[in-house]
Amino acid sequence: MGNCCQHDDGACQNGATLSPLPQRHGQAPDDAHHHGHEHGHAHEHDHHHQHEPAAAHEHTHDACGCDAAASVIPAAAPPAGSLPWRLAIPAMDCPTEGRMVEKALHGMAGVLQLDFNYIERTLIVHQQGASLAAVQQALATTGLAAELQRDAANVAVPARPARWPLLASGALALLAEALVFAGQAETGWPVVALAAVSMLLGGHGTARKGWYALKSRSLNIYFLMSLAVAGAMLLGQWPEAAMVLFLFALSERLEAMSLARAGAAVRALMALKPELAWVQQGEGWQQVAAGSVTVGRMVRVRPGERVPLDGRIASGHSDFDEAAINGESLPLAKGPGDTVFAGTINGAGLVTVQVTASADGSLLARIIERVRDAQAGKAATQRFIDRFAAVYTPLVVALAVLFAIGAPLAGWLPWQQALYQALVLLVIACPCALVIATPVTLVSALSAAARHGMLIKGGAALETAARVRVVALDKTGTLTRGQPALADIRCLDAALDQRSALQLAASLEAHSTHPLARAVLQAAQKQGIALLPAEALQELAGEGVIASIGGVRHGLGNARLAARLGVNEAALAGGEHAQRGGMLLCRDGQLLAALQVADSLRPEAQATVAALQRQGMRLMVLSGDHAAEVARMAAAAGIADAAGALLPEDKLASIRTLGRHGAVAMVGDGVNDAPAMAQAELGIAMGAAGSDVALETAQVALMEDRLDKLPQLFAHARRSMALLRANIVLALAIKLVFFVLALAGVASLWMAVFADVGASLLVIFNGLRLARPIKE
């Protein structure tokens with residue numbers, strides 16, 4: 001097959017740049033603001049950011065196969081003190097060329113490490129004092145022209161070669177075959193002339209690459225194909241040799257077109273990055289390159305324009321289409337103080353934005369980087385196929401040699417026919433369709449997920465998601481909104497109604513920023529309740545707040561504050577105020593009301609839980625919150641199993657216990673649940689668009705703060721892995737059929753090539769089906 005090739009030993013780093021890549025650290029969460037009340041709003045938050053070690057760098061030696069045609073092996077960290085050159089090599093589309101590049105640059109002074117990206121056709125040369133001209137000259141000896149790419153944001157898109165030589169090659173090969181069918185000898189000069197011209201037009205690229213492979217001693221498809229064609233000519237099979245070369249060249253062209261679609265995901269994301277920004281210059285505005293705008297500058301975004309950089313709105317209101325970031329189709333209304341992201345589309349309003357991140361540090365830039373890195377991660381299935389291909393190809397080549405010698409000696413076949421069938425086995429020796437099935441399928445699946453706001457970090461994470469059978473959810477901010485709301489007011493004084501009690505409570509909390517205080521104030525605002533003037537306001541740490549309203553001392557807080565105001569112990573025993581989020585409203589020794597503040601379920605929680613249960617998932621809520629409150633919220637969502645009052649180490653133990661029932665996914669915010677997410681087989685961070693740490697910690701980052709992405713994620717992962725297995729079975733079956741036909745002396749060279757072409761195209765187009773819209 002055209003893009004079937006020798007695997008490279010080099011590492012492949014996606015998304016490298018021309019300058020040393022800065023290490024990005026997650027921002028620590030802001031210190032919590034401590035309110036004076038002891039309302040029990042003390043969710044357990046363990047702020048540990050676990051940084052997992054980089055995956056070991058695997059070296060595989062595939063004799064044939066584009067295992068990285070659309071995916072690459074993650075690279076080791078760049079050598080200390082090195083500077084990277086990003087070289088665009090349009091002709092490099094698979095590890096055949098990568099292996100030759102490695103040999104050409106091996107031992108060159110100053111060249112420390114090579115990272116390949118075949119999807120973008122780039123080579124990152126980590127060097128220290130190397131000569132760029134010498135590197136380019138060495139690459140030229142392999143037939144690969146390289147050009148320094150100064151802007152890492154631009155993806156190299158190779159020019160399409162002219163079609164007429166390939167079409168003419170096919171027409172001449174068919175004409176040569178027609179003459180043979182009409183009675184001409186295969187070695188007659190008309191047939192030989194037509195076949196020779198056909199091979200010159202359509203096969204010169206294969207012959208050139210085969211020659212380079214011979215020089216570098218690489219047992220790859222170009223060498224095997226060149227050997228098979230040369231053998232066919234020696235046997236007098238000129239029309240067949242021409243047809244084989246034409247089919248091979250055609251397969252290369254079709255594969256390149258198909259794989260370009262798989263690589264279009266990165267280019268589509270790149271296209272979302274605005275090149276220009278309107279920056280404030282004195283009293284006016286000037287349009288400059290977005291990459292030159294520094295943090296803190298003011299930029300203007302006009303209606304219909306894309307936001308050029310991440311920032312906060314300084315003035316103006318508008319709706320923003322954030323589908324490119326989180327997959328949400330409905331625009332979001334935003335105003336001063338709200339965050340906007342680069343690449344999102346402004347609606348009808350004119351807004352001024354203060355830049356909070358450079359172009360390279362924007363959320364969109366990080367998503368692009370993660371998508372590139374995700375394409376580098378190999379699933380266990382792909383690693384197995386790589387190892388299989390490394391054994392399969394040399395084994396079949398050895399078998400072809402033994403067959404060419406042994407079959408005539410054993411009297412099975414004449415020498416000429418045995419040699420011919422051995423050449424057929426050489427073509428079958430390339431596991432093109434088998435090896436290319438995995439990366440194309442994975443890239444299509446990962447790219448489709450990214451477009452729907454689900455950032456899956458590589459094939460390994462996708463494969464794990466397909467195996468998940470247990471889902472553990474954090475409560476606060478995951479199953480619930482994470483925004484406490486006033487749930488109940490119980491009046492304990494017959495002369496007081498709920499509205500009056502809420503008015504007193506809100507008046508006392510008017511100047512507090514505590515989450516429970518905000519819940520009381522928001523409830524009063526919704527009911528349009530006017531606040532009463534509160535004087536001599538005093539906040540008592542760990543108790544609550546006291547103030548004078550209408551000349552009478554009132555208080556809102558816990559039982560200790562009520563006792564301070566003279567409420568007797570009998571009145572304080574039990575009741576709603578003993579629960580988490582319970583507050584007492586008091587007035588000089590008199591208990592007036594008990595207020596209950598609680599978190600609320602997300603609106604999509606119940607539907608999401610039902611969808612996951614239909615998929616056969618076992619669900620459990622794990623939280624550091626009060627056990628009774630956790631059980632109540634879990635039951636409201638339809639989850640039977642819940643555990644509360646958990647310390648970080650308790651969460652880890654729960655994850656290990658759940659692992660007995662199958663692969664476990666832990667869903668949290670990516671910050672407070674980092675240890676539990678690291679312990680689970682799959683960590684899923686929600687609302688990652690606003691969290692650097694979530695993008696770094698979790699294996700899957702849901703860009704939008706919505707639970708209903710979870711059923712889509714697991715269904716998409718299972719569909720992807722089922723399709724991948726189907727591709728592998730299809731490729732193996734076709735290889736096995738033609739392997740048997742070759743040994744039986746039935747298969748011909750052009751049939752073997754045609755079958756390989758068909759198998760490769762089948763698995764490519766089958767894999768590209770995953771690029772369709774994702775459904776549950």
Side-chain angles (χ1 to χ4, degrees), residues 70-71 258-259 261-265 268 326-327 329 370-371 374-375 377-385 433-471 604 607-619 662-665 667 681-684 698-704 706-733 759 761-776:
S71 181
S258 303
L259 292 174
R261 289 187 58 190
N326 55 31
S329 58
R370 295 299 176 269
V371 170
Q375 294 174 5
K378 286 190 177 184
T381 303
Q382 188 171 356
R383 291 194 295 268
F384 166 76
I385 292 300
L434 177 65
V435 180
I436 210 171
T438 47
V440 172
T441 305
L442 293 177
V443 168
S444 298
L446 297 173
S447 302
R451 287 197 304 274
H452 286 77
M454 299 180 290
L455 200 58
I456 305 174
K457 296 185 179 178
L462 183 70
E463 192 170 79
T464 301
R467 293 189 294 104
V468 166
R469 291 297 175 266
V470 183
V471 180
E604 73 276 14
T608 298
V609 167
L612 290 173
Q613 290 171 340
R614 285 196 300 270
Q615 292 181 3
M617 298 290 187
R618 174 174 180 173
L619 304 179
V664 180
V667 186
E681 289 191 61
L682 187 72
I684 303 174
Q699 293 161 287
V700 177
L702 304 180
M703 306 309 296
E704 196 176 3
R706 285 175 47 181
L707 270 176
D708 51 9
K709 295 283 185 182
L710 288 175
Q712 294 181 19
L713 167 68
F714 295 124
H716 180 60
R718 287 194 292 272
R719 189 181 307 117
S720 301
M721 298 315 297
L723 197 148
L724 174 57
R725 287 190 290 271
N727 273 350
I728 291 172
V729 169
L730 177 64
L732 280 174
L761 293 179
L762 278 175
V763 299
I764 288 172
F765 289 123
N766 203 24
L768 289 174
R769 289 169 50 204
L770 290 172
R772 297 174 181 174
I774 294 175
K775 299 178 182 179
E776 180 188 328

Novice: Could you tell me the separation between the CG atom of Leu713 and the CG atom of Leu682, rounded to the nearest 0.5 Å?
Specialist: 7.0 Å

Novice: Tell me whether Gln615 contacts the main-chain N or O of Pro711 through its side chain, where contact means a donor paired with an acceptor under 3.5 Å.
Specialist: yes

Novice: Which pair of heavy atoms, one from Ala665 and one from Phe714, lies closest together, and at what distance?
Specialist: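 Answer, listing the atom of Ala665 first, then Phe714: CB-CZ, 4.2 Å.
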
Novice: Give me the atom names and distance for the closest heavy-atom approach of Ala466 to Met721.
Specialist: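 Shortest heavy-atom contact: CB-CG, 3.5 Å.
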
Novice: How far does NZ of Lys709 sit from CD1 of Ile684, to the nearest 0.5 angstrom?
Specialist: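 It comes to 13.5 Å.
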
Novice: Quick one: CG on Leu455 to CD on Gln699, what's the gap to the nearest 0.5 Å?
Specialist: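 It comes to 12.5 Å.
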
Novice: Which atom names give the shortest non-hydrogen contact between Glu604 and Leu707, and what distance separates them?
Specialist: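 Of all heavy-atom pairs spanning Glu604 and Leu707, the closest is OE2-N, 2.9 Å.
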
Novice: For residues Met617 and Val470, report the shortest heavy-atom separation together with the two atoms involved.
Specialist: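 For Met617 and Val470, the tightest heavy-atom pair comes out as SD-N, 4.4 Å.
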
Novice: Between Glu681 and Ala663, which heavy-atom pair has the shortest distance, and what is it?
Specialist: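 Closest approach of Glu681 to Ala663: OE2-CA, 3.1 Å.
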
Novice: What are the two closest non-hydrogen atoms of Leu702 and Met454, and how far apart are they?
Specialist: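 Looking at all heavy atoms of both residues, the closest pair is CD2-CG, 3.7 Å.
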
Novice: Which value, rounded to the nearest 0.5 Å, describes the distance between Leu462 atom CG and Ile456 atom CD1?
Specialist: 5.0 Å

